[in-house]
K.L.:
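I have a structure I would like to understand better, so I am pasting it below and will then ask my questions one at a time.
Numbers here are sequence positions counted from 1.
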Amino acid sequence: MKTSIRRILFGAILFLATQLVAVFGYRLAGWSWMDAVYMVVITIFGVGYGEVRPVLDPGLRLFTIFVIVAGTSSAVYVVGGFLQMATEGEINRALGARRMSREIEVLEGHLIICGFGRMGLLLARHMVEAQRPFVIVDRDEARVDQAQSLGYLVRLGDATDEQLLMEVGIGRATTLATVLPNDALNVFITLTARNLNPGLMILARGEQGSTEKKLLQAGANRVVLPASIGAIRMAHLITHPASLDFLSANNSLSSLNEILAQIHVQLDELPIKPQSDWVGTSIENVEIRGKGSFIVVALRRAAGEMIIHPSPEVFLHGGDTLIVVGRRGDLPKISRRLAQERRGLYRGTRF
């Protein structure tokens with residue numbers, strides 16, 4: 001491709017230079033500017049008009065022959081560059097498509113990503129990091145070109161087409177993720193994929209909350225609602241800043257609370273106030289007093305230091321924050337108990 005571009009540029013420069021030299025040559029022969037330019041145009045482009053003035057001088061005739069040969073050759077050279085560029089592009093696309101087809105044919109246990117928008121792009125990046133094989137299906141040529149430029153396996157076409165899904169190996173795939181922004185298409189793709197591979201794990205995106213039930217009925221194993229997850233994430237940023245510090249320490253846990261919520265477990269934080277009876281207590285003692293309702297997964301010191309998986313022998317100081325995991329219904333009760341400073345009682349019962 002670079003060779004053809006250089007060829008076009010060189011030909012264009014040669015073509016312009018020929019015209020300039022020709023105009024000045026006729027000017028030196030005593031022709032007016034208009035006559036010189038007109039003569040050059042009809043000579044190079046061969047439109048068939050007669051000469052502006054009789055060309056009787058042998059030297060001027062030789063010069064005219066030079067103009068014809070140089071001008072025509074440079075013009076043909078430029079056109080040839082454009083043809084070479086088009087041919088190279090078509091050949092490269094054909095070879096690239098053939099290579100991708102061969103690689104897709106040997107895929108086993110891979111992921112099929114239907115849709116390469118923002119969500120599909122992020123999913124593909126995570127699969128690359130996890131070194132998981134995947135293939136992308138999208139009907140938008142610009143997105144397919146983008147995926148190809150990133151080195152991803154991709155097929156251009158409609159993911160609702162059974163034949164296309166067969167070509168990307170849905171029978172050999174373990175997972176399909178349909179992440180299109182259109183709920184109706186996601187439902188249809190889920191139905192089609194489930195019929196083609198009953199044992200396939202299907203993850204589906206839903207824009208509307210009411211679509212979740214339809215996707216599950218269509219055969220999806222899990223439904224992701226980006227709007228709901230985004231709202232939960234924003235609320236967590238506001239209400240659980242210490243927990244977010246813990247999550248930020250490990251990118252792979254960035255969606256931990258959303259995952260835990262599916263099994264009615266949540267990540268929460270328990271602040272240790274300076275006047276609390278818990279000051280000076282070990283992590284082990286705290287978990288014992290919690291009667292198994294939670295486990296401590298991290299400790300943030302008052303100075304900001306984050307300790308992941310603290311030892312049971314670590315003691316608490318005023319201003320510390322415990323990051324704990326427990327059942328969703330139990331953690332609010334524990335928080336209320338801790339709020340009763342300098343007292344180890346909750347409604348008359350020792351904690």
Side-chain angles (χ1 to χ4, degrees), residues 110-130 132 134-140 143 146-147 152 158-160 165 170 173-241 243-244 246-248 250-269 325-332:
H110 57 289
L111 163 68
I112 299 174
I113 302 175
C114 301
F116 195 62
R118 289 176 296 177
M119 200 167 177
L121 175 60
L122 292 174
L123 180 56
R125 287 176 179 172
H126 285 295
M127 292 302 100
V128 171
E129 294 174 1
R132 289 284 306 275
F134 65 92
V135 58
I136 298 163
V137 177
D138 201 294
R139 61 183 179 184
D140 187 286
R143 291 178 178 175
Q146 180 186 9
Y152 300 156
D158 193 339
T160 61
L165 291 178
I170 192 170
T174 57
T175 311
L176 179 142
T178 175
V179 293
L180 296 169
N182 186 306
D183 285 355
L185 289 177
N186 287 332
V187 171
F188 195 85
I189 292 171
T190 301
L191 278 169
T192 305
R194 179 57 68 210
N195 289 331
L196 293 174
N197 187 344
L200 188 68
M201 167 69 74
I202 300 178
L203 309 177
R205 169 184 178 177
E207 292 298 307
Q208 304 295 328
S210 59
T211 310
E212 182 176 8
K213 183 178 180 180
K214 298 176 184 177
L215 286 166
L216 292 173
Q217 291 175 341
N221 298 92
R222 296 285 186 273
V223 178
V224 177
L225 302 173
S228 298
I229 292 177
I232 293 172
R233 182 70 171 172
M234 293 180 70
H236 198 67
L237 284 167
I238 297 170
T239 60
H240 301 84
S243 300
L244 263 295
F246 165 60
L247 292 173
S248 298
N250 191 334
N251 290 333
S252 65
L253 298 177
S254 60
S255 59
L256 180 59
N257 238 21
E258 289 80 10
I259 298 173
L260 293 176
Q262 297 180 17
I263 56 175
H264 305 291
V265 175
Q266 76 178 86
L267 187 74
D268 209 339
E269 59 187 64
V325 171
R327 292 193 62 81
R328 301 184 72 178
D330 294 336
L331 290 180

K.L.:
Got a sec, which residues hit side chain to side chain donor-acceptor pair (under 3.5 Å) with Asn186, two or more places apart in sequence or on another chain?
P.N.:
Thr178
K.L.:
Run the side chain to side chain donor-acceptor pair (under 3.5 Å) test against Asn221 and tell me which residues pass, sequence neighbours left out.
P.N.:
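Residues passing side chain to side chain donor-acceptor pair (under 3.5 Å) with Asn221: Arg194.
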K.L.:
Measure across Ala177 and Leu123 and return the closest heavy-atom pair with its distance rounded to 0.1 Å.
P.N.:
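Scanning both residues completely, I find the closest heavy atoms to be CB-CD2, 3.7 Å.
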K.L.:
Between Ile136 and Arg143, is there a side-chain heavy-atom distance shorter than 4.5 Å?
P.N.:
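Contact flag for Arg143/Ile136 side chains = no.
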K.L.:
Would you name the heavy atoms of Val128 and Tyr152 that are closest together and state the gap between them?
P.N.:
CG2-CE2, 3.6 Å
K.L.:
With sequence neighbours left out, what residues match Phe188 under ring pair (Phe, Tyr, Trp, His ring centres under 6.0 Å)?
P.N.:
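None.
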K.L.:
Got a sec, which residues hit side chain to side chain donor-acceptor pair (under 3.5 Å) with Thr175, two or more places apart in sequence or on another chain?
P.N.:
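For Thr175 there are no side chain to side chain donor-acceptor pair (under 3.5 Å) partners, ignoring immediate neighbours.
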K.L.:
Report the residues that fulfil side chain to side chain contact (heavy atoms under 4.5 Å, CB included) with Arg118, sequence neighbours left out, ordered by chain and then residue number.
P.N.:
none
K.L.:
For Ala173 and Ile112, work out which heavy atoms get closest and say how close.
P.N.:
CB-CD1, 4.0 Å
K.L.:
To the nearest 0.5 Å, what is the distance between NE2 on His126 and CG on Leu121?
P.N.:
9.5 Å
K.L.:
Grab the two heavy atoms, one from Ala159 and one from Ile189, that are nearest each other, plus how far apart they are.
P.N.:
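Scanning both residues completely, I find the closest heavy atoms to be CB-CD1, 3.6 Å.
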K.L.:
Which heavy-atom pair separates Thr190 from Ala204 by the least distance, and what is that distance?
P.N.:
OG1-CB, 4.0 Å
K.L.:
Going by heavy atoms in the side chains, are Leu216 and Val223 under 4.5 Å from each other?
P.N.:
yes
K.L.:
Sort and list the pairs that fulfil side chain to side chain donor-acceptor pair (under 3.5 Å) and have at least one residue in residues 195-206, not counting sequence neighbours.
P.N.:
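For residues 195-206: Arg205-Glu207.
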K.L.:
State which residues pass side chain to side chain contact (heavy atoms under 4.5 Å, CB included) with Leu185; sequence neighbours excluded, sorted by chain then number.
P.N.:
Arg139, Thr160, Leu180, Asn182
K.L.:
Excluding sequence neighbours, so at least two apart, what forms side chain to side chain contact (heavy atoms under 4.5 Å, CB included) with Gln208?
P.N.:
Asp183, Ser210, Thr211
K.L.:
Who pairs with Thr192 by side chain to side chain donor-acceptor pair (under 3.5 Å), at least two apart in sequence or on another chain?
P.N.:
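Side chain to side chain donor-acceptor pair (under 3.5 Å) check on Thr192 returns nothing, list empty.
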K.L.:
If the condition is side chain to side chain contact (heavy atoms under 4.5 Å, CB included), which residues does Ala193 pass it with, not counting sequence neighbours?
P.N.:
Ile170, Leu176, Leu200, Ile202
